[in-house]
Amino acid sequence: MRATVWTVANALGVVAGSGTRGELLTALLDAPRRPRRVVLPADAPGARELAADLRALGDVRVAFEGPAPGPAPSPGIPAPGGPRLSDPAAVCAADPLVVTRAYEEEPGAYGGLGAAWLRAGQALVRDDRTAADRALALLAALPEDAAADVRDGLAALAADAPWRVAGVREGRVTALAVYDGRPDATGDPRTRALARLGDGTRLALDERGRLRTGPEAVPRLVEAVAATLATHPATALAAVGGTVVTGDRMGCAHAFSLGGVDQAAPHSGRVTALAATDGPRVYSGGADGTVRRWLPGRERDPDGGPDPDGGGMVARRPHPVAALHARGRALAVAWADGLVEVRDPDDTEAAVRPFRPGGAVRAVALLPDGTLTVGTDTALVRLRPA
């Protein structure tokens, strides 16, 4: 039933990485907004049961298309044979729904391809994926002990993808920062965001919206921000130089420095992610599906459009923003539907580099050498531009 769940999750703009009905329903219940209607293939495995689950939510209408499922094959009569499940070229070129069902019905190692496919499957079943896109996602999802010929085959197939896999470290990632040119990651589920000040002070935003630091002495500014968040919890965190930036559930962003506090209200609804670069220049993402740019201390365009100081809209999609990170002229955006994009926010004509790992993206970070790091529930993936 995984393929059906993934297809519906894609249609509804949420992530159900393991492909279970429970994970899909949890993602939908947590989503700030949902589409009003979804169409299910009538012959898809589990479609009727899933339709009942979706209708129980109360605000999702379900329709069916195509023929109803036929009778099950008689015992002892094998189903028609699918692609060779250990052949990277075959599985990347085949119907992804057929491949998914084959891996479920015929469990096996397949050189690591089976595990990778079931980990990255939601990205693989999308209609807009090319063979190169699927190969890239599979490379990023391969287990450490994958067969060399499978890894090499996928790398060759991914030659036309916008990224190259530079490394994968297995394990959950919930937040990312960059320190001394390297990713600073945590898998602590109680940590919502990480940030570093210019002097190296490590800041963490916990699940209650409070600021946490290590046992070492912290700057006076950090003490003041921590005291503020103790009574006014934050939903997002970033830092650059001597500035700490927080966001809240009302859609406001606050830039704290020794010179005072500057505030903006860039979003309708919760601020879900923040990034900051020298200037400071702040990027905020919201549950409203927008990414906006703000230069604290500068006059802003009240309509949210571009202004001489570089403020205004950077990106908009019909999905909440999950994570942000900025470095120089590059901005990495992760969306709640599992898409990661790297763009130049100062050049609307520049190409956007996309990546879909298949699971939910919890954090992103851009390293000084141009590497993009993506944190998910199962791994920290490092990608280099092709």
Side-chain angles (χ1 to χ4, degrees), residues 1-10 15-20 23 41 43-47 66-67 69-168 170 338 354-359 374 376 378-379 381 383 386:
M1 185 175 176
R2 278 191 180 96
T4 305
V5 170
W6 286 332
T7 300
V8 172
N10 283 330
V15 176
S18 63
T20 66
E23 186 173 2
D43 61 348
S74 301
I77 301 177
R84 287 187 57 225
L85 298 181
S86 59
D87 182 347
V91 299
C92 287
D95 181 333
L97 303 183
V98 171
V99 175
T100 301
R101 292 168 191 163
Y103 280 130
E104 289 184 298
E105 294 169 1
E106 303 176 37
Y110 301 109
L113 265 180
W117 188 280
L118 297 179
R119 178 181 289 182
Q122 186 169 336
L124 306 174
V125 301
R126 295 180 62 90
D127 292 337
D128 59 358
R129 299 294 87 187
T130 66
D133 294 329
R134 291 190 177 109
L136 179 66
L138 286 167
L139 268 176
L142 277 180
E144 293 179 353
D145 60 353
D149 61 330
V150 167
R151 195 177 297 276
D152 292 344
L154 289 174
L157 290 167
D160 292 331
W163 298 99
R164 300 285 181 267
V165 176
V168 179
E170 295 188 3
F355 172 65
R356 283 187 182 272
V374 178
T376 72
T378 58
V381 180
L383 303 169

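For the numbers below, each heavy atom of this structure counts, side chains included, while hydrogens, waters and symmetry mates do not.
In terms of the side-chain hydrogen bond (donor to acceptor under 3.5 Å, both in side chains) criterion, Thr7 has no residue partners (sequence neighbours excluded). Partners of Arg356 under the salt bridge (Lys or Arg N to Asp or Glu O under 4.0 Å) rule, at least two apart in sequence or in another chain, are Asp337. For Ala156, there are no side-chain contact (heavy atoms from CB on, under 4.5 Å) partners at least two apart in sequence or on another chain. Not counting sequence neighbours, Ser86 has no partner by the side-chain hydrogen bond (donor to acceptor under 3.5 Å, both in side chains) test. For the side-chain contact (heavy atoms from CB on, under 4.5 Å) test, no residue two or more places apart in sequence or in another chain qualifies with Ala109. Applying the side-chain contact (heavy atoms from CB on, under 4.5 Å) test to Pro88 and every residue at least two apart in sequence or in another chain returns Leu113, Val150, Leu154, Leu157. For the salt bridge (Lys or Arg N to Asp or Glu O under 4.0 Å) test, residues two or more places apart in sequence or in another chain that qualify with Glu104 are Arg2.
Note that the CZ atom of Phe355 and the CG atom of Leu383 stand 5.0 Å from one another [nearest 0.5 Å]. Taking CD from Glu170 and CZ from Arg119, the interatomic distance works out to 5.0 Å, rounded to the nearest 0.5 Å.
Pairs passing the salt bridge (Lys or Arg N to Asp or Glu O under 4.0 Å) check and including a residue from residues 147-165, sequence neighbours excluded, do not occur.
The local environment of CG in Asp128 is crowded, with over 12 non-hydrogen atoms from other residues, nucleotides or ligands closer than 6.0 Å.
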Under 3.5 Å, sequence neighbours excluded: what are the donor-acceptor pairs made by side chains of residues 92-101?
unit_1	atom_1	unit_2	atom_2	d
Asp95	OD1	Leu97	N	2.9
Thr100	OG1	Pro96	O	2.8
Thr100	OG1	Trp117	NE1	2.9

Less than 3.5 Å apart, which donor and acceptor atoms pair up between the side chains of residues 131-146 and the rest of the protein, not counting sequence neighbours?
unit_1	atom_1	unit_2	atom_2	d
Asp133	OD2	Thr130	N	3.1
Asp133	OD2	Thr130	OG1	3.1
Arg134	NE	Leu124	O	2.8
Arg134	NH2	Leu124	O	3.3
Arg134	NH2	Arg126	O	3.4

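For Glu106 against Leu85, the heavy-atom pair with the smallest separation is OE1-CD1, 4.2 Å. Between Gly338 and Val15 the shortest heavy-atom distance is N-CG2, 3.6 Å. Nearest heavy-atom pair, Pro354 versus Pro162, reported as atom, atom and distance to 0.1 Å: O-CG, 3.6 Å. Across all their heavy atoms, Thr376 and Pro357 have their closest contact at CG2-CG, 4.2 Å.
A side-chain donor-acceptor contact under 3.5 Å links Gln122 to the backbone of Ala16. No donor-acceptor distance shorter than 3.5 angstrom exists from the side chain of Trp6 to the backbone of Ala123, with no hydrogens or angles considered.
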